[in-house]
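Keep in mind that what you see is a predicted model, and the values were worked out from it rather than measured. The first residue of the sequence shown is numbered 1, and numbering continues consecutively from there. Side chains included, hydrogens not; waters and symmetry mates left out as well; all remaining heavy atoms used.
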Amino acid sequence: METRGKSANSVIGKAAILFFAATTCAAAYFGFERHDRVQRLENDLTEMNVKLGYNALEAQKAEEAFAAIERNLSAIRQSEGYVLMNLKDESLHEGSVSESRIQAEIQTIEALIADNRILISQLKDEIGARDSRLTEYRQSISSLQERITGYKAKTQELTAQAEALRKDLVSTQYENQLITKELAHKEMVVNRQNQQLNAKDKALRTAYYAVGSFKELKEENVVRKEGGFLGIAAAKAVHHDLNRDRFTRLDILEQTTIPVFSPKAEIVSAHDPSSYELVEGKNEVRWIKINDPALFWENTKYLVVVTKGDQFRETTALR
């Protein structure tokens, strides 16, 4: 009985030891597994935080890129407004201020478009096609590029037209200068011709007369005697070499009377008797009245009147 009791106690002790060992192993196993799970959770949390930080940084960079694109678009719209305004300038021509301004604004727009293309390409690589704004920006840039192409074509067209007008204007100015010079030359020729015509007309309208006694006129080489024999029956005639300083000039169209104021008067020069008449006053011949100037002066422009009796008084005649 005592032997069986000892055996039973021994079995119970071994069982208790085994249970304790199993319990200890189980506790150790579950503790290790819990620690591993906690570590994995902490690692996942750290990774998530890193990813969130990276995404936040990428989102910030993307928003900054979007803001840069918007600023470029705003600057493009401003430059585009300058282009449209200057395209309406009527003074546009090659080398003009407006043409230079248009070219400068177009270069600015093209540079901004290039910047936006780079920004959009970078955003596409970083965030892909997730953001609809990229599509809108690409469409906006394509539209802008088409308008820029149109602006360039319009600028070239207007510049060519203005340059053609400028050349026409220069040509017209040159032609006007030639015409002005030609007109000035013709005017000078006409003036010279008019002067010549006036001189000729004046010469044609100019005649001369000399009134005085035979002795006086002979001494002044105006008249002479010719024909006859030893002075007998010789006729009075105009000297072949007239002393023109003795004559008084007149306009044949304006002056149609020649003052005489002498008891008798004789016209020695060759004038048609039917073209004039002697106007007599009290005991004297006062005037020679020319009725037909053209006929009167047809043969000679020098009238010689020989007076008899009282000397010809020019002051009295002029009175």
Listed by chain and number, what are the side-chain contact (heavy atoms from CB on, under 4.5 Å) partners of [X], not counting sequence neighbours?
| X | answer |
| --- | --- |
| N283 | none |
| Q195 | none |
| K218 | F214, V223 |
| K186 | E182 |

What distance separates [X] [atom1] from [Y] [atom2], expressed to the nearest 0.5 Å?
| X | Y | atom1 | atom2 | answer |
| --- | --- | --- | --- | --- |
| L197 | N191 | CG | CG | 11.5 Å |
| I179 | K181 | CD1 | NZ | 12.5 Å |
| K282 | E284 | NZ | CD | 10.0 Å |
| D201 | N194 | CG | CG | 11.0 Å |
| I290 | Q255 | CD1 | CD | 7.5 Å |
| R249 | T206 | CZ | OG1 | 6.0 Å |

Indicate every side-chain donor-acceptor pair of residues 171-178 with a distance under 3.5 Å to a residue at least two apart or in another chain.
from: T172; atom 1: OG1; to: D168; atom 2: O; distance (Å): 2.7
from: N176; atom 1: ND2; to: T172; atom 2: O; distance (Å): 3.3

Taking salt bridge (Lys or Arg N to Asp or Glu O under 4.0 Å) as the test, write out the residues that go with [X], two or more places apart.
| X | value |
| --- | --- |
| E254 | R205 |
| E219 | none |
| K200 | none |
| E266 | K236 |

Nearest atoms (heavy-atom pairs only) where [X] meets [Y]:
| X | Y | result |
| --- | --- | --- |
| S262 | T307 | OG-CB, 3.2 Å |
| N243 | V222 | O-CG2, 4.4 Å |
| G212 | R246 | CA-NH2, 4.3 Å |

Going hydrophobic residue to hydrophobic residue with side-chain gaps under 4.5 angstrom, can you get from [X] over to [Y]?
| X | Y | result |
| --- | --- | --- |
| V268 | F296 | no |
| L242 | L303 | no |
| V285 | V304 | no |
| F247 | L217 | yes |

*Checking side chain to side chain contact (heavy atoms under 4.5 Å, CB included) for the pair F261/V211: CA distance, chi angles, key distance, verdict?*
CA-CA 10 Å; F261 294 96; V211 180; over 6 Å; no
Show me, pair by pair, the donor-acceptor contacts under 3.5 angstrom made by side chains of residues 274-281, not counting sequence neighbours?
from: S274; atom 1: OG; to: D272; atom 2: OD1; distance (Å): 2.6
from: S275; atom 1: OG; to: D272; atom 2: O; distance (Å): 2.5
from: E277; atom 1: OE2; to: N291; atom 2: ND2; distance (Å): 3.3

*Of all pairs that satisfy side chain to side chain donor-acceptor pair (under 3.5 Å), the ones with a partner from residues 295-306, not counting sequence neighbours*: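 Listed once each, the pairs are R244-Y302.
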*May I have the step-by-step check of side chain to side chain contact (heavy atoms under 4.5 Å, CB included) for I288 and V260, ending in yes or no?*
CA-CA 7 Å; I288 296 174; V260 176; 3.7 Å; yes
*Below 4.5 Å, heavy atoms only, C-beta onward: do L250 and I258 meet side chain to side chain?*
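Yes, at least one pair of side-chain atoms sits under 4.5 Å.
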*Return the set of residues passing side chain to side chain donor-acceptor pair (under 3.5 Å) with S269 (not counting sequence neighbours), or none when no residue passes.*
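Partners of S269 by the side chain to side chain donor-acceptor pair (under 3.5 Å) criterion, ordered by chain and then number, come out as H271.
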